[in-house]
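Report on one structure; see the data block that follows.
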Amino acid sequence: MVLLETITVHRLLEKQLKKFKIIDIETSIDSDILKQVLGLVSEAYRDADADRYLLERSLKISSQELCLMNEAQKESYDCRLKAIIKAIPDLIFLNDEDGNFLEVFLSDDKDFNFVKDKLLRKCYQELFPEKLSTFFKTTIKTALQENRLIVIEYDLKMPEGVMFYEARIMPTGFFVDNKETVMVIARNITEAKTIEAKLHYTATHDDLTQLPNRPSFYKKLKKSIKHCKKNRCSGVLFFLDLDRFKEINDNLGHDIGDKLLIKVAKRLKKITQKKDVLARFGGDEFVLVVENISSHDEIIAIAEKIMHQFTTPFPVKKYQLDITSSMGISIFPQNANTPIHLIKQTDIAMYQAKALGKNNFHFFTEELAEKSYEEFNLEAQLKNALKNEEFHLVYQPQIRLKDKKMIGVEALIRWENKIFGTIPPMKFIPIAEKCGLIELITNWVIEEVCRQIKIWDNQGCEPFAIAINLSRKEIGKMDMFERITNIINQAGIPHHRIEFEMTESALLENISQAFKNIEKLRFSGFMVAIDDFGTGYSSLSNLKNFFFDKLKIDQTFVQEIGFDTGDEVIIKATIALAKSLNLKVIAEGVETQEQHDFLIKYGCDEVQGHFYSYPIKPEYINQTLYKKL
Ligand code: C2E
Ligand code: CA
Ligand code: CA
């Protein structure tokens with residue numbers, strides 16, 4: 001830098017002046033003007049220097065800032081991408097059309113058992129079993145050809161068990177190395193699949209026994225029928241209903257009932273083969289389908305095996321539950337080729353098994369179907385019988401043996417129908433019980449008896465008791481007492497004029513409620529008799545615990561007098577038993593002098609039967625008749 005007295009020549013200007021040898025500034029410059037010019041130019045250079053410096057600085061700063069900003073942005077983008085990938089529980093990868101892995105995004109390898117790096121630059125054959133890799137490759141091809149998203153599901157055997165996956169394959173629209181590409185999003189759906197499987201299980205299985213439930217059974221039966229039809233073989237449907245299960249439920253509680261059902265299901269399951277279908281049809285009903293049956297004997301062998309399961313009691317808590325079952329059997333596709341028909345047939349056959357004394361099995365037959373068809377028609381007629389006034393009552397006298405006096409009558413219902421003619425009560429009462437008409441019929445009987453009592457009273461008859469039969473379906477009902485007494489009270493008939501007859505087995509339908517009802521009936525002045533004594537489930541404890549007024553010896557015993565000493569012994573013992581319990585004894589179905597005399601000899605109090613009178617119309621009831629005998 002040169003100082004020209006007061007002027008400092010700018011370094012760059014000095015260099016230029018030296019280079020072009022315009023002035024020798026080292027020596028001296030005479031001209032003041034030149035000095036001033038040099039001073040001004042140097043000044044301008046310095047200004048330019050300052051500007052350039054400023055510019056450079058600011059440029060330097062902004063490029064640094066730009067770098068920083070860029071880095072910050074990149075970092076934030078990476079963070080976000082990472083966050084997104086982390087949030088997506090999926091394995092995302094880019095495949096080319098040959099199934100090579102070009103890019104892999106995976107947040108966490110735990111769901112896939114893959115290490116990200118191991119996938120890169122590999123192809124499906126190297127990673128998956130052959131079948132699955134072919135499946136993937138063909139799906140990728142289809143997705144590319146049809147240019148659409150395809151979703152597939154697949155499973156893989158993993159060390160911790162089978163895992164389920166879903167893969168969404170979507171063409172990207174760009175090429176890598178001249179090959180088309182797809183984006184694949186794979187997701188582990190094992191949990192969803194497990195939940196789905198659980199839901200499916202719940203929807204198709206019975207909660208209690210874990211057997212297939214009714215809807216899933218229908219499906220399986222349908223499939224089985226189809227199979228048998230196609231393969232020209234036979235299948236069999238067994239329909240089981242537990243006998244007297246309701247008693248256990250009512251008397252010991254639903255908890256015990258439920259536990260019993262579980263045990264029954266277990267025993268049945270044990271004797272069935274893997275391909276058989278055992279299901280709970282509902283309540284205490286079980287169904288079993290066995291395919292490829294080759295003979296009748298084979299069916300019987302299975303039926304007997306099932307029945308055998310009920311020969312040993314079922315231990316449930318402190319109880320040893322002795323339960324039997326009744327079973328209907330039908331063969332398909334011979335008898336029917338739809339589930340509904342088959343069920344109906346086995347149901348009919350099962351009811352037949354019950355009617356024949358329970359603890360039994362019965363095959364479906366056409367005759368049974370006809371019988372049930374008749375029942376169906378009877379039921380339809382029965383529904384209108386009350387409205388059409390098709391019922392009437394007949395009365396059968398009951399005679400006191402010591403003085404041959406008629407002390408009462410039993411009201412017996414009769415039904416005259418315009419299509420079926422006279423239908424005996426033994427035939428229509430069970431139908432009325434089944435279809436829920438029995439209470440209306442009993443109500444009608446009671447109203448009719450009350451009306452008749454008034455007629456007899458008005459005729460000046462000496463008062464006698466009228467026995468009314470109650471059905472097994474109503475004795476254990478909660479509202480039974482109120483329902484009956486309302487009718488009788490409304491008619492203004494004194495309670496002691498009416499006696500209710502009920503069979504012992506009827507009491508067992510709901511023993512605790514039956515007990516309460518009988519107590520209430522007797523407490524309010526009605527008489528109660530136990531009907532058909534000696535048949536069914538005669539048990540001393542019932543006689544002791546329930547309070548009855550009268551015991552009716554069943555006619556099947558009476559009719560054996562003179563023929564069967566065993567039955568005679570039973571009659572003698574029953575009379576003695578009744579006396580010891582302070583009960584009156586009446587024998588029904590007395591037809592002959594011999595029966596009559598036998599009953600007198602052994603101390604029977606009363607009799608009822610054709611020997612004295614058939615059941616007759618009320619206008620023929622004549623008290624004086626019997627005194628003469
Ligand atoms: P049940 O209560 O045992 O009635 C006695 C049955 O024996 C009556 O049959 C009667 O006609 C019949 N019988 C009477 N004496 C003799 C005889 O000497 N020999 C023979 N072989 N039979 C005799 P019915 O009237 O056909 O009634 C049958 C069953 O129907 C009754 O048996 C009873 O369980 C039921 N029933 C009848 N009327 C009614 C009713 O109004 N309500 C209900 N719930 N059931 C009724
Ligand atoms: Ca009776
Ligand atoms: Ca009877």
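Hydrogens, waters and symmetry mates are skipped; everything else that's a heavy atom, side chains included, is used. One-based numbering, in listed order, for ligands and for the atoms of each.
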D532: numbered ligand 1 atoms lying under 4.0 Å from its heavy atoms: 3 (O)

Check: F464 ring centroid to W456 ring centroid under 6.0 Å: yes

Short N/O/S contact of E501 with the Ca ion (ligand 2) (below 3.0 Å): yes

Name of the residue among L211, I306, D206 meeting side chain to side chain contact (heavy atoms under 4.5 Å, CB included) with F286: L211

Ligand 1-proximal atoms of V445, by part, heavy-atom distance under 4.0 Å: side chain

Contacting atoms of ligand 1, where contact means under 4.0 angstrom from a heavy atom of E410: 2 (O), 4 (O)

Lys NZ or Arg CZ of R414 over F391 ring: under 6.0 Å, within 45°: no

Subset of ligand 1 atoms that lie under 4.0 Å from at least one heavy atom of E591: 17 (C), 18 (O), 19 (N), 20 (C), 21 (N)

Pair H296 + F363: ring centers closer than 6.0 Å: yes

Numbered atoms and elements of ligand 1 in range of P615, under 4.0 angstrom, heavy atoms: 11 (O)

R414, portion touching ligand 1 at heavy-atom distance under 4.0 Å: side chain

Heavy-atom closest pair, residues I441 and L386: N-CD1, 4.3 Å

Side chain to side chain donor-acceptor pair (under 3.5 Å) assessment of Q396 paired with S613: CA-CA 7 Å; Q396 188 174 35; S613 171; over 6 Å; no

Charged N-O contact under 4.0 Å between K579 and D605: yes

Under-4.0 Å salt bridge between E606 and R400: no

Ring centres under 6.0 angstrom apart (H341, F332): no

Sub-4.0 Å heavy-atom contact, K552 with ligand 1: no

N/O/S from D531 sitting under 3.0 Å away from the Ca ion (ligand 2): yes

Option whose closest heavy atom lies nearest to atom 4 (O) of ligand 1, chosen from L412, I413, I468: L412

Atoms of ligand 1 close to Q559 [distance to a heavy atom under 4.0 angstrom, numbered from 1]: 19 (N), 20 (C), 21 (N)

Where ligand 1 meets E588 - atom numbers and elements under 4.0 angstrom, heavy-atom basis: 3 (O), 5 (C)

Centroid separation F526 to F481 less than 6.0 Å: no

Ligand 1 atoms in contact with D531 (distance to a heavy atom under 4.0 Å): 2 (O)

Sub-3.5 Å N/O-N/O distance, I438 and ligand 1: no

For M426, the ligand 1 atoms whose distance to one of its heavy atoms is below 4.0 Å: 28 (C), 29 (C)

Backbone or side-chain N or O of Q608 under 3.5 Å from ligand 1 N or O: no

Angle subtended at the Ca ion (ligand 2) by E410 OE2 and N469 OD1, rounded to 10 degrees: 90°

Aromatic plane relationship, F281 with F239 - under 30° parallel, 30 to 60° tilted, over 60° perpendicular: perpendicular

